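All values derive from a computational prediction rather than experimental measurement.
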Amino acid sequence: MAANSSVDIFTKVERLKERRLEALKKAQQQKQEWLSKGHGEYREIPSEREFFEEVRESKNVVCHFYRDSTFRCKVFDKHLTVLAKKHIETKFLKLNVEKAPFLCERLRIKVIPTLALVKDGKTKDYIVGFTDLGNTDDFAMETLEWRLGCAGIINYSGNLMEPPFQNQKKHGTNFTKLDKKTIRGKAYDSDSEDDD
């Protein structure tokens, strides 16, 4: 009887190993698929037409609507370059608003910079200016990562109920817990950080 139970344990361990190996293979295939679709890098798309093509082929997309003359856009560029490499489950793009007037009107983009957070081909949320990031130009990348996690656009491993506090005391920033109704219900033109 003891020999029989050791055979059962051995069989269960082998099945667990097989399942784990299969899960690793699937994860690797998924990673390769994402990379083949342009995930893992932060890149510019040249026009509105490409925006629709890029969004159609990826489940999660962050698109930075920018203008060269706006300083705060460069702040987003710095952070999004790092986050694109870290979160390959999401495609990170940028589009010059001067090349996309129809799209900006359709998405109600009035404040530059704005991040459009697109899930399954539909714009789910926006990060307008730096309001949701502590209202400071030198917010931490972790704060942006947390905010993207709150929108469900990246796989965030931290606590979504509380923003990262490491820079709150340093910068004297006032964070508030995010409420999904507040995010979706905000007036997008109430905070103008446009340099025009």
Side-chain angles (χ1 to χ4, degrees), residues 42 44-45 48 51 55 60-84 86-87 89-120 122-196:
Y42 175 56
E44 183 164 5
I45 51 175
E48 295 170 319
F51 173 83
V55 164
N60 297 315
V61 178
V62 173
C63 187
H64 174 203
F65 287 85
Y66 81 98
R67 181 178 294 124
D68 284 326
S69 61
T70 305
F71 166 76
R72 288 185 172 100
C73 293
K74 292 169 182 43
V75 175
F76 268 141
D77 285 343
K78 179 182 76 168
H79 292 310
L80 294 173
T81 299
V82 175
L83 289 174
K86 184 175 180 181
H87 291 281
E89 72 276 7
T90 301
K91 185 182 285 186
F92 288 83
L93 306 169
K94 70 187 226 176
L95 179 58
N96 189 326
V97 294
E98 293 165 2
K99 296 178 182 177
F102 167 76
L103 188 58
C104 289
E105 186 176 321
R106 183 173 172 191
L107 296 178
R108 299 183 322 254
I109 294 173
K110 298 174 183 172
V111 176
I112 304 301
T114 290
L115 300 182
L117 311 181
V118 184
K119 193 164 197 71
D120 297 319
K122 294 184 177 120
T123 306
K124 177 180 179 181
D125 198 357
Y126 296 91
I127 299 176
V128 181
F130 294 169
T131 305
D132 292 346
L133 306 170
N135 262 342
T136 179
D137 289 353
D138 57 349
F139 62 88
M141 182 188 62
E142 291 79 13
T143 304
L144 177 57
E145 186 176 24
W146 166 78
R147 178 60 181 80
L148 294 171
C150 288
I153 212 75
I154 62 169
N155 296 334
Y156 184 70
S157 59
N159 180 1
L160 290 174
M161 298 309 288
E162 296 288 334
F165 288 111
Q166 61 210 21
N167 287 339
Q168 181 178 357
K169 293 174 187 162
K170 178 180 171 188
H171 298 297
T173 308
N174 293 321
F175 283 107
T176 57
K177 292 182 184 178
L178 285 182
D179 177 11
K180 289 188 179 191
K181 290 179 185 173
T182 305
I183 293 169
R184 290 188 181 143
K186 80 175 5 167
Y188 295 109
D189 57 353
S190 65
D191 175 22
S192 182
E193 292 183 31
D194 216 6
D195 285 343
D196 284 343

Exercise for the section: Check the pair Leu83, Leu144 against side-chain contact (heavy atoms from CB on, under 4.5 Å), reporting the backbone distance first and the verdict last. Expected result: CA-CA 9 Å; Leu83 289 174; Leu144 177 57; 3.8 Å; yes

Practice task
Applying side chain to side chain contact (heavy atoms under 4.5 Å, CB included), name anything that partners Asp120, two or more places apart in sequence or on another chain.
Solution key: Lys59

Return the set of residues passing salt bridge (charged side-chain N to carboxylate O under 4.0 Å, His left out) with [X] (not counting sequence neighbours), or none when no residue passes.
X: Lys86; result: Glu145
X: Lys119; result: none
X: Glu98; result: Arg67

[X] side, atom [atom1]; [Y] side, atom [atom2] - distance, nearest 0.5 Å:
X: Lys110; Y: Cys104; atom1: NZ; atom2: SG; result: 11.5 Å
X: Asp132; Y: Asp125; atom1: CG; atom2: CG; result: 7.5 Å
X: Lys99; Y: Glu44; atom1: NZ; atom2: CD; result: 5.5 Å
X: Asn155; Y: Leu148; atom1: CG; atom2: CG; result: 11.5 Å
X: Phe51; Y: Leu95; atom1: CZ; atom2: CG; result: 7.5 Å
X: Thr143; Y: Phe130; atom1: OG1; atom2: CZ; result: 11.5 Å

Practice task
Kindly determine whether Val97 and Thr114 satisfy side-chain contact (heavy atoms from CB on, under 4.5 Å), including the steps that lead there.
Solution key: CA-CA 10 Å; Val97 294; Thr114 290; over 6 Å; no

Locate the shortest heavy-atom distance separating [X] from [Y]; write the atom from each residue and the value.
X: Met141; Y: His79; value: CB-ND1, 3.3 Å
X: Asn60; Y: Gly152; value: OD1-O, 4.2 Å
X: Cys73; Y: Ile112; value: SG-CG2, 3.5 Å
X: Pro113; Y: Thr70; value: CD-CG2, 4.3 Å
X: Leu160; Y: Gly149; value: CD2-C, 3.5 Å
X: Thr136; Y: Asp138; value: OG1-OD1, 2.5 Å

With a 4.5 Å cut-off on side-chain heavy atoms, are [Y] and [X] touching?
X: Arg147; Y: Pro163; value: no
X: Leu107; Y: Tyr126; value: yes
X: Leu80; Y: Leu115; value: yes
X: Thr123; Y: Val55; value: no

Problem - Partners passing ring pair (Phe, Tyr, Trp, His ring centres under 6.0 Å) against His64 (at least two apart in sequence or in another chain) - result: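 For His64, the residues satisfying ring pair (Phe, Tyr, Trp, His ring centres under 6.0 Å) (neighbours in sequence not counted) are Tyr66, Phe76.
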
Practice task
For Val62 and Tyr42, run side-chain contact (heavy atoms from CB on, under 4.5 Å): C-alpha distance rounded to whole Å, both residues' side-chain angles, the deciding distance at 0.1 Å, then the answer.
Solution key: CA-CA 10 Å; Val62 173; Tyr42 175 56; over 6 Å; no

Between [X] and [Y], is there a donor-acceptor pair closer than 3.5 Å when you use the side chain of the first and the backbone of the second?
X: Lys74; Y: Ser69; result: no
X: Lys94; Y: Asp77; result: no
X: Thr90; Y: Ile153; result: yes
X: Trp146; Y: Tyr156; result: no

